[in-house]
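Reviewing the structure listed below.
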Protein chains: 2
Amino acid sequence: MTEVSHISFFEVASKVLKALGHPERLRIIEYLQTGEQTVGNIQREIGLSQPITSQHLRYMQRRNILTYRREGTKYYYFLASDFIRKLLDCMRSCRLSLESGETQLLDIFPETKRSE
Amino acid sequence: MTEVSHISFFEVASKVLKALGHPERLRIIEYLQTGEQTVGNIQREIGLSQPITSQHLRYMQRRNILTYRREGTKYYYFLASDFIRKLLDCMRSCRLSLESGETQLLDIFPETKRSE
DNA sequence: GACATATATAGCGAAAACGCTATATTGTGA
DNA sequence: TCACAATATAGCGTTTTCGCTATATATGTC
């Protein structure tokens with residue numbers, strides 16, 4: 001019974017959000033939604049170097065977003081909790097709302113050049 | 001018609017998530033869900049110093065999460081887009097799922113001491 | 001034991017975030 | 001014009017990210 005009760009939702013949520021605030025990590029997380037994967041598979045799927053992949057995975061594992069299971073020399077990483085899965089559901093919902101045009105956000109990348 | 005089409009959802013989303021990955025900023029955002037507020041009100045509500053408050057607001061404004069409106073010497077900040085509002089809805093849904101016990105996440109704060 | 005495979009870890013430099021103190025800017029009213 | 005109120009900005013030191021290269025570790029195979 002870990003007593004985390006005095007830590008507010010904001011502390012917890014912000015920590016998770018921060019950990020997901022990286023494009024490659026988001027891609028990894030989404031990839032893992034279909035189930036556990038080895039480091040090698042993740043690496044090839046996302047297109048990252050081996051150390052970078054490993055570092056992102058470890059980063060998220062330390063923050064309890066991922067866990068892993070070992071089998072011989074292979075490491076299978078997977079989503080650590082239903083909460084993360086719930087969050088991913090939310091993300092997908094937001095994504096759809098964006099892509100359908102239901103909502104939009106103006107110029108998250110204002111540095112984007114037009115016609116160059 | 002800004003052409004952001006070649007920038008994937010992951011880039012956009014991660015940028016927003018990163019910006020929200022801070023407890024005080026989350027609090028601010030949630031506070032603004034009820035409508036626009038002056039810097040002073042936000043500052044008092046969240047309990048931050050004036051410069052810190054201003055900096056967080058500017059940080060989020062630069063990332064197009066907030067916008068402001070000026071009236072005399074007062075600055076009214078408010079949520080910049082429906083997408084952000086949608087995201088907040090998702091957050092609330094996740095929050096409820098956490099608090100109701102429907103989902104949980106184990107030890108996001110492992111450094112938390114027990115009985116000390 | 002030699003070697004390959006799969007993955008983790010260390011170390012490093014550049015960049016960004018963070019919180020703080022001090023100061024500048026701008027509008028308002030006497 | 002002077003002073004005040006509301007807010008922004010600058011500058012600084014510390015910490016955290018980030019991506020990279022190089023190396024270590026552990027397991028399986030011959």
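- Nearest to the side chain of P51(A), among dA5(D), dA17(C), dA22(D), sits dA22(D).
- One can place CD1 of I52(B) at 16 Å from P of dT7(D), the figure rounded to the nearest angstrom.
- The phosphate of dT17(D) has neither OP1 nor OP2 within less than 4.0 Å of any side-chain N or O from R62(A).
- With dG11(D), dC18(C), dG19(D) as the candidates, the nucleotide lying closest to the side chain of R25(B) is dC18(C).
- Rounded to an integer number of Å, the gap from L57(B) CG to dT9(D) P is 11 Å.
- The distance between atom CD of Q43(B) and atom C1' of dG19(C), rounded to the nearest whole Å, is 15 Å.
- When the shell of 6.0 Å around OH of Y68(A) is examined, it contains 12 or fewer heavy atoms from other residues, nucleotides or ligands.
- Although no hydrogens or angles enter the test, the distance criterion places a donor-acceptor pair under 3.5 Å between the side chain of R63(A) and the main chain of Y59(A).
- Between the CD atom of E24(B) and the P atom of dG19(C) there is a distance of 7 Å, given to the nearest Å.
- In this structure, Y68(B) reaches neither bases nor backbone, as no heavy-atom distance under 4.0 Å exists between it and the strands shown.
- Straight-line distance from the OH atom of Y75(B) to the P atom of dT28(C): 11 Å, rounded to whole Å.
- Test L66(A), L87(A), T67(A) against L79(A) for side-chain contact (heavy atoms from CB on, under 4.5 Å) and you get one pass: L66(A).
- Phosphate contact (OP1/OP2 of dA6(D), side-chain N/O of R44(B), threshold under 4.0 Å): absent.
- Distances from the side chain of T73(A) to the nucleotides dT27(D), dC18(C), dC18(D) place dT27(D) closest.
- Remark: R95(A) is positioned above the aromatic ring of F10(B), its terminal NZ or CZ atom under 6.0 angstrom from the ring centre and at most 45 degrees off the axis.
- T38(A) comes within 4.0 angstrom of sugar-phosphate atoms only, judged by non-hydrogen atoms across all strands, and of no base.
- Using a 4.0 Å cut-off between charged side-chain N and carboxylate O, K86(B) and D89(B) make no salt bridge.
- With dT17(D), dT7(D), dT21(C) as the candidates, the nucleotide lying closest to the side chain of V39(B) is dT7(D).
- Looking at R27(A) and E30(A), no side-chain N of the basic residue comes within less than 4.0 Å of a carboxylate O on the acidic one, giving no salt bridge.
- Distance from the side chain of Y77(A) is smallest to dA8(C) among dA8(C), dC20(C), dG19(D).
- For a distance-only test at 3.5 Å, the side chain of Q50(B) fails to qualify as a donor-acceptor partner of the base of dA6(D).
- The distance from atom CE of M60(B) to atom P of dA17(C) is 13 Å, rounded to the nearest whole Å.
- Regarding I28(B), its CD1 atom lies at a distance of 12 Å from the P atom of dC18(C), rounded to whole Å.
- Comparing E71(A) and S49(A) by the nucleotide of DNA chain D that holds the closest heavy atom to each, the one mapping nearer the 5' end is S49(A).
- Between H56(A) and dG19(D) there is a side-chain N or O to OP1 or OP2 distance below 4.0 Å.
- Between R58(B) and dT9(D), a side-chain N or O to OP1/OP2 separation shorter than 4.0 Å is present.
- The side chain of R70(B) has dG27(C) as its nearest neighbour among dA17(C), dG27(C), dT7(D).
- For S54(A), the side-chain atoms get nearest to dT9(C) when compared with the rest of dG19(C), dA22(C), dT9(C).
- For K18(A), whose side chain is taken as the heavy atoms from C-beta onward, the closest listed nucleotide among dG19(D), dT16(D), dA5(D) is dT16(D).
- Looking at the side chain of H22(B), the nearest of the listed nucleotides dG19(C), dT17(D), dA8(D) is dG19(C).
- Straight-line distance from the NZ atom of K74(B) to the C1' atom of dT28(C): 12 Å, rounded to whole Å.
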